[in-house]
Structure formats: structure tokens, C-alpha cells
**Q** 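Just dropping this structure here.
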Amino acid sequence: MDIVYDADLSGRNSFGMKVKAACLVEYDDVAELESISRDSSLPRPFLHMGGGSNLLFTKDFSGTVLHSRIRFVEEVPHQDAICLRVGAGVVWDDFCALCAARGLWGPENLSSIPGECGAAAVQNIGAYGREVSELVLNVECYDLQEHTMRTFSRDECRYAYRDSYFKNEGKGRYVVTAVNYMLSREASPCLEYGNLSARLAGEYPEASGEQGLAFTPEMIRRTIIGVRDEKLPSPSRVGSAGSYFRNPAVGADFFRELQEKCGAPVPHFENPDGSIKVPAAWLIDSCGWKGRREGGAGVWEKQPLVLVNADGNATPGEICRLEEKIRASVLERFGICLEREVEHV
Ligand code: EPU
């Protein structure tokens with residue numbers, strides 16, 4: 001394990017905030033995690049981080065940042081599916097690449113999402129019609145309170161849109177050490193999102209038809225990476241934490257009134273519970289924020305749901321002020337209060 005005091009976190013958060021932690025500990029296995037959790041000399045509180053791709057440091061962190069280097073992928077026997085057990089510190093997209101290379105279906109639509117496998121199971125990452133919770137068999141955790149291991153079944157994880165037990169009641173108590181994913185060799189393409197299906201057919205005409213059953217996970221992975229590269233800032237060049245806000249859900253009556261008030265069709269999707277999801281990107285775009293800059297902070301010109309560290313020197317305060325201005329203008333114009341998807345630390 002490595003312990004660094006007064007650690008520079010600027011290369012460890014995708015927003016590129018220039019902040020420090022009183023202490024940073026990287027551990028390689030559960031035994032090391034246990035000894036860390038019992039070590040009263042380490043500054044508290046603990047903050048467990050994956051790739052740092054879904055948070056905004058608003059200031060220096062006075063406790064200890066923990067980071068897992070538990071990195072393995074192994075097949076475990078399962079009666080119905082192919083089950084891969086994956087260490088929490090494995091880079092999520094490396095896992096996606098490995099599955100696609102082996103012809104395994106499951107995470108292909110989630111290709112290229114920054115971050116690590118442990119955090120993916122906490123955030124319930126999602127994109128292009130899929131959420132990681134659909135693949136999770138169970139999640140292995142270390143309990144910082146009881147100093148024991150506990151395995152959470154998928155139901156116990158209480159997954160919802162970008163949400164889980166680990167972000168609520170279990171927050172700060174459980175550290176994910178490994179995730180067991182269920183994958184399949186049988187073609188199961190999910191192509192309903194936007195123009196994904198048409199785009200794949202254009203890129204791989206020989207494999208289209210038969211409801212896309214001749215596509216391979218690798219083809220879908222490549223197409224998804226192409227779509228993301230066109231819309232989202234390249235993490236190596238522009239700092240961001242992906243979608244800054246969640247897509248809000250409103251009641252059917254509220255939505256009808258909104259539609260009337262706008263006098264034009266409002267893009268929307270019906271949720272299984274009858275509520276209506278309105279794209280936050282559309283709300284922000286309609287308020288004229290796309291591509292705008294406020295100091296070092298900016299709104300990405302191709303996807304206004306993404307706030308960026310536009311000049312590489314944005315301060316946490318500048319990002320927070322931009323967040324507040326966007327929230328205020330969407331609330332004033334549409335009566336919808338945007339909720340943050342990115343966690344403030
Ligand atoms: N839109 C606009 N203007 C734009 C862009 C989009 O009005 O400039 C509207 C359009 O109506 C479009 C809709 O927003 O149809 C949805 O846009 P998009 O397909 O880009 O998806 P999103 O709902 O904005 C969500 C996720 C993304 C994920 C994409 C694709 C959330 C908070 N975000 O964005 O996830 O990649 O779907 O599945 O649910 C992330 O979580 O960091 C992330 C990038």
C-alpha cells in the first residue's frame with residue numbers, strides 16, 4: 001500500500017480541480033483495507049474514491065482519501081450465465097473492452113464511461129439504454145463499522161436511476177471490493193436509444209437486419225465510443241465530471257402544463273412509474289446556456305448537461321456559481337429545480 005500526506009489530487013479528479021487531501025492511501029487487497037480502517041492515526045473522515053470522475057472538490061479535503069488497487073478479473077462458476085468477478089479498482093472501460101474482445105454481451109453500451117468498477121456499482125452508471133445494475137449479480141463490500149465482509153445481492157443494492165443503497169443508507173460504511181457481473185454469449189443488443197440502431201446499420205450494413213442479431217459487442221462498443229467522442233469532452237483534454245445534473249422527472253399534469261406553456265413539443269420519455277423524464281440538456285439548452293463561459297467554467301457546446309473546466313484553471317467556486325446560475329434560470333423559466341448528479345466534496 002502507499003500512504004501520502006498532503007497529497008495533490010489535481011490528477012485524480014476528472015474536473016481537474018487543484019486541491020489537496022490531508023492524506024491519500026492506495027491499498028492492494030482487503031487485508032490492507034482492514035488495517036487502514038483500524039488505523040486511528042489516519043486523518044478522518046475517510047472518502048473512498050474511484051476514478052474521481054463524478055465529483056467536484058469544492059475545497060481541500062481534511063481527511064483521508066482511499067483508493068482501491070484491487071485489480072483482477074476472474075470467471076466464477078454460475079448455472080445460467082457467464083459470471084465475471086471483477087476487482088473494484090479495475091478501470092470500467094478496460095472491463096468493457098475485455099468483454100467485447102471475448103464476445104461477451106452486457107456492458108457494450110456502457111463503453112468509454114470514465115471511472116472504475118467499484119464506483120460504477122455505487123453510481124449505477126448508465127448510458128444508451130442500459131444501466132450497470134442490469135448486469136450486477138452481487139456486490140462484495142468491506143464494512144468499515146463491523147470490520148467484516150458483506151455481499152449485497154442486486155436487490156439489496158436498491159438500484160434506481162443513478163442511485164443505490166451505497167449512496168444513501170450505506171454511504172460511508174461500505175467499501176466495494178469486487179463486483180460479480182452476469183454476461184452472456186447470446187446476442188442481446190440494446191439499440192433503442194436515439195438513432196443508435198440507424199447509426200450501427202450505417203457503420204456495419206453487412207450485420208444489420210434480423211433485429212441487429214448479427215452485430216457483435218465489439219461493433220456496438222466501437223459505435224458507442226464514436227457517439228461519445230462526438231458529444232462529450234475528451235477527458236484527457238477538457239476537465240468535467242460528465243453529466244452535472246440528473247434528468248428530472250415530473251408528474252404527468254405538470255408536464256401537460258409545461259408543454260402548453262412552451263407552445264412547442266418538449267422532448268420527454270415516460271418512466272415506468274408514469275412520471276415523465278424531461279432531458280436536463282434540453283432545459284439548459286433552451287435557457288441559452290450552451291457553449292457559454294463564466295470565468296474558467298463553461299457549458300459544453302455539444303452537450304449542455306456537461307459543465308467543464310474550460311481553461312484548465314477553473315476554481316471550484318466558478319463551477320459552483322455556474323451551477324447556481326443554471327439552476328436558477330431553469331427554475332425561473334420552467335419551474336423545474338435541477339438536482340445535481342455530481343457529488344460535491
Ligand atoms: N438535448 C438538447 N440539446 C443538446 C443535447 C441534448 O436539447 O445540445 C436534448 C435532446 O432532446 C436529446 C436529449 O437532450 O434527445 C438527451 O440527450 P442525450 O442523448 O445526450 O442524453 P442525456 O439525457 O442528456 C444521459 C446521461 C448521460 C449518457 C446519455 C446517453 C444522465 C444524467 N446523463 O444524458 O450520462 O451518456 O444519457 O445515454 O442521465 C453521465 O452520467 O455522466 C453521462 C454522460
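As the structure lists them, so they are numbered: ligands from 1, and atoms in each ligand from 1.
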**Q** Among all the protein's non-hydrogen atoms, which is closest to atom 6 (C) of ligand 1, and how far away is it?
**A**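 Protein heavy atom at minimum distance: A281 CB, 3.6 Å.
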**Q** Starting from atom 29 (C) of ligand 1, locate the nearest protein heavy atom and write down its residue, its atom name and how far away it is, to 0.1 Å.
**A**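 Nearest protein contact, heavy atoms only, for atom 29 (C) of ligand 1 is Y193 OH, 3.9 Å.
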**Q** List for me each residue that meets side-chain hydrogen bond (donor to acceptor under 3.5 Å, both in side chains) alongside R228, sequence neighbours excluded, and say none if there are none.
**A** none
**Q** Tell me, which protein residue and heavy-atom name are nearest atom 35 (O) of ligand 1, and how many Å apart are they?
**A** R162 NH2, 3.0 Å
**Q** Test of understanding: given a 4.0 Å heavy-atom threshold, classify the contact between A127 and ligand 1 as side chain, backbone, both, or neither.
**A** both
**Q** With heavy-atom distances below 4.0 Å as the criterion, list the atoms of ligand 1 near D285.
**A**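 Listed by number with element: 2 (C), 3 (N), 4 (C), 7 (O), 8 (O).
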**Q** When you measure from the centre of the six-membered ring of F152, is the NZ or CZ of R150 under 6.0 Å away and within 45° of the axis?
**A**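 Flagged: R150 positioned over aromatic ring of F152.
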**Q** Kindly confirm or rule out a cation-pi arrangement of K277 over F255, judged by NZ or CZ under 6.0 Å from the six-membered ring centre and within 45° of its axis?
**A** no
**Q** In the complex you have, is atom 15 (O) of ligand 1 within reach of the protein, judged by whether a heavy-atom distance drops under 4.0 Å?
**A** no
**Q** Starting from atom 7 (O) of ligand 1, locate the nearest protein heavy atom and write down its residue, its atom name and how far away it is, to 0.1 Å.
**A**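 It is W282 CA, 3.2 Å.
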**Q** Flag the pair F166 / H48 as yes when their ring centroid distance falls below 6.0 Å, and as no otherwise.
**A**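 Here the rings of H48 and F166 have centres that are no less than 6.0 Å from each other.
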**Q** Going by the rule salt bridge (Lys or Arg N to Asp or Glu O under 4.0 Å), which residues pair with E131 if we only count those two or more places apart in sequence or in a different chain?
**A**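 Checked E131 against salt bridge (Lys or Arg N to Asp or Glu O under 4.0 Å); zero matches.
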**Q** What protein heavy atom sits nearest atom 39 (O) of ligand 1, and how far away is it?
**A**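 For atom 39 (O) of ligand 1, the nearest protein heavy atom is Y161 OH, 2.7 Å.
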